[in-house]
Amino acid sequence: MQNRVTKLFNIEYPIIQAGMIWASGWRLASAVSNAGGLGIIGAGSMYPDVLREHIQKCKAATQKPFGVNLPLLYPDIDQHIQIIMEEKVPIVFTSAGNPKTWTAALKEKGITVVHVVSSSKFALKAQQAGCDAVVAEGFEAGGHNGREETTTMVLIPTVCSAVDIPVIAAGGIATGRQMLAAMVLGADGVQVGSRFVASTEASSHMNFKNLVIASQEGDTQLSLKQLTPVRLLKNHFFNQVQQAEANCATVDELNKLLGRGRAKLGMFEGDMEEGELEIGQVSAIIKDIKPAAEIVQEMYEEYSAALKQPLK
Ligand SMILES: Cc1cc2nc3c(=O)[nH]c(=O)nc-3n(C[C@H](O)[C@H](O)[C@H](O)COP(=O)(O)O)c2cc1C
């Protein structure tokens, strides 16, 4: 398959595995890249030396292109950028910050830069900043989310009409049919997060993977809107936040409740009640944990079959 996204990244299928804290290290990223998609290391949960180690191990595990996801508000961002340049990472996906800050410097080093957006206004800013493509991430998505709560179904066509650069759809995509729907709406590729959490190679704790595949429709909700909105699985921590918000908690009180290391506690260390569990609405249709290569292959096969016979 050849289109603007496969050509931009030099990959076989326009299927991108999302960069995800506590889930996407070198094992997952290299498995997806070896399977013909684009694997991405999630730098947001890594200290600089850990990021370097993951990049080096990923380079040793695949000859194919791979990328690093970089939340721009990360405190060690300068060191992360330095390491990405030194290690000659070919592709960087930036998120949560201003694309103007780093895009030109990265592109000067020959790095392909993609920025994650939640609105057509931000997509236009990313294009103006010189980004090669945007990820348009809808309200359904796992992890941090836009304040405007625009769903993927609405966001993709609006972003596609706002920009000329390739658009990669994210949020609520775990199957080939969902991939086809996003492409019919105008996307050039898909970024898939939650489905890859339930993969053999994801570094997420087994308790979390098991909870993801057991979860049902309605089990996730956007939370912590006064801080940075994030879609979470409902558990004791989520209920505590709800209760605090109902009692008109201040930002300081919410920050205190969140504390440090909640995401690690839940998704990496396996505390399913006190941890912060980031996952998308699409977890409701993810029913098994599989090797990443099978996920890529099945998604592409279902996409191809659905393309031939789109209506059920
Ligand atoms: C566990 C988890 C961690 C995530 N961490 C990040 C991150 O560090 N940086 C980022 O840009 N997006 C992050 N996201 C969002 C994903 O990159 C992706 O856009 C999203 O998962 C797509 O929606 P889906 O979950 O419905 O597939 C995360 C998502 C999940 C589920």
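Along the sequence shown, residues carry numbers from 1. Just follow the structure's listing: the first ligand is 1, and inside any ligand the first atom is 1. Excluded from the calculations below are hydrogen atoms, water molecules and symmetry mates; all remaining heavy atoms, backbone and side chain alike, are included.
- Across the listed options Ala136, Ala141, Ala263, Ala141 owns the non-hydrogen atom lying nearest to atom 23 (O) of ligand 1.
- Of the candidates Glu278, Arg195, Arg231, Glu278 brings a heavy atom nearest to atom 1 (C) of ligand 1.
- The shortest separation from a heavy atom of Ala23 to ligand 1 is not under 4.0 Å, leaving the residue out of contact.
- A salt bridge links Arg195 with Asp288; the closest basic N to acidic carboxylate O contact falls under 4.0 Å.
- The distance from atom CD1 of Ile285 to atom OG1 of Thr175, rounded to the nearest 0.5 Å, is 5.0 Å.
- Against a heavy-atom cut-off of under 4.0 Å, Ala18 is close to the following atoms of ligand 1: 16 (C), 17 (O), 18 (C).
- Ligand 1 places these atoms under 4.0 Å from at least one heavy atom of Asn69: 7 (C), 8 (O), 9 (N), 10 (C), 11 (O).
- Each of the atoms 26 (O) of ligand 1 lies under 4.0 Å from some heavy atom of Val282.
- The side-chain contact (heavy atoms from CB on, under 4.5 Å) check on Ala29 picks up Gln17, Ile41, Cys58, with sequence neighbours excluded.
- For atom 12 (N) of ligand 1, the nearest protein heavy atom (residue, atom name, distance) is Gly19 O, 3.6 Å.
- When ring centroids are compared, Phe9 and Phe93 come within the 6.0 Å threshold.
- Every atom of ligand 1 with a heavy atom of Gly171 under 4.0 Å away is listed here by number and element: 22 (C), 23 (O), 26 (O).
- Note that CD of Glu137 and OG of Ser119 are 12.0 Å apart. Values are rounded to the nearest 0.5 Å.
- Evaluated by nearest non-hydrogen atom to atom 2 (C) of ligand 1, the leading choice among Met20, Met46, Gln17, Gln191 is Met20.
- Ring geometry, Trp22 versus Phe268: the interplanar angle falls from 30° to 60°, so the pair is classed tilted.
- Remark: the His205 side chain and the Glu269 side chain contain no N/O donor-acceptor pair separated by less than 3.5 Å.
- Taking the side chain to side chain donor-acceptor pair (under 3.5 Å) definition, one finds that Glu294 meets it with nothing, sequence neighbours left out.
- Looking only at protein heavy atoms, the nearest one to atom 25 (O) of ligand 1 is Ser194 OG, 2.6 Å.
- Proximity of Glu137 to ligand 1, defined as any heavy-atom pair under 4.0 Å, is confined to the side chain (atoms from C-beta onward).
- Asp132 and Thr112 share no side-chain donor-acceptor pair at under 3.5 Å.
- Under 4.0 Å from ligand 1, the heavy atoms of Ser95 that appear belong solely to its side chain.
- Protein heavy atom closest to atom 21 (O) of ligand 1, with residue, atom name and distance, is Gly193 CA, 3.4 Å.
- Near Gly172, meaning under 4.0 Å from any of its heavy atoms, are these atoms of ligand 1: 24 (P), 26 (O).
- In the model, Ser283 has a side-chain atom that pairs as donor or acceptor with a side-chain atom of Ser215 under 3.5 Å.
- By the 4.0 Å heavy-atom criterion, Gly42 is excluded from the residues contacting ligand 1.
- Considering only non-hydrogen protein atoms, atom 5 (N) of ligand 1 sits nearest to Ile21 N, 3.1 Å.
- Under the 3.5 Å distance criterion, with hydrogens and angles disregarded, no donor-acceptor pair is assigned to the side chains of Thr220 and Gln281.
- When heavy-atom distances to ligand 1 are checked against a 4.0 Å cut-off, Met267 comes that close only through its side chain, counted from C-beta outward.
- At the top of the distance list for atom 29 (C) of ligand 1, counting protein heavy atoms only, stands Gly142 O, 3.5 Å.
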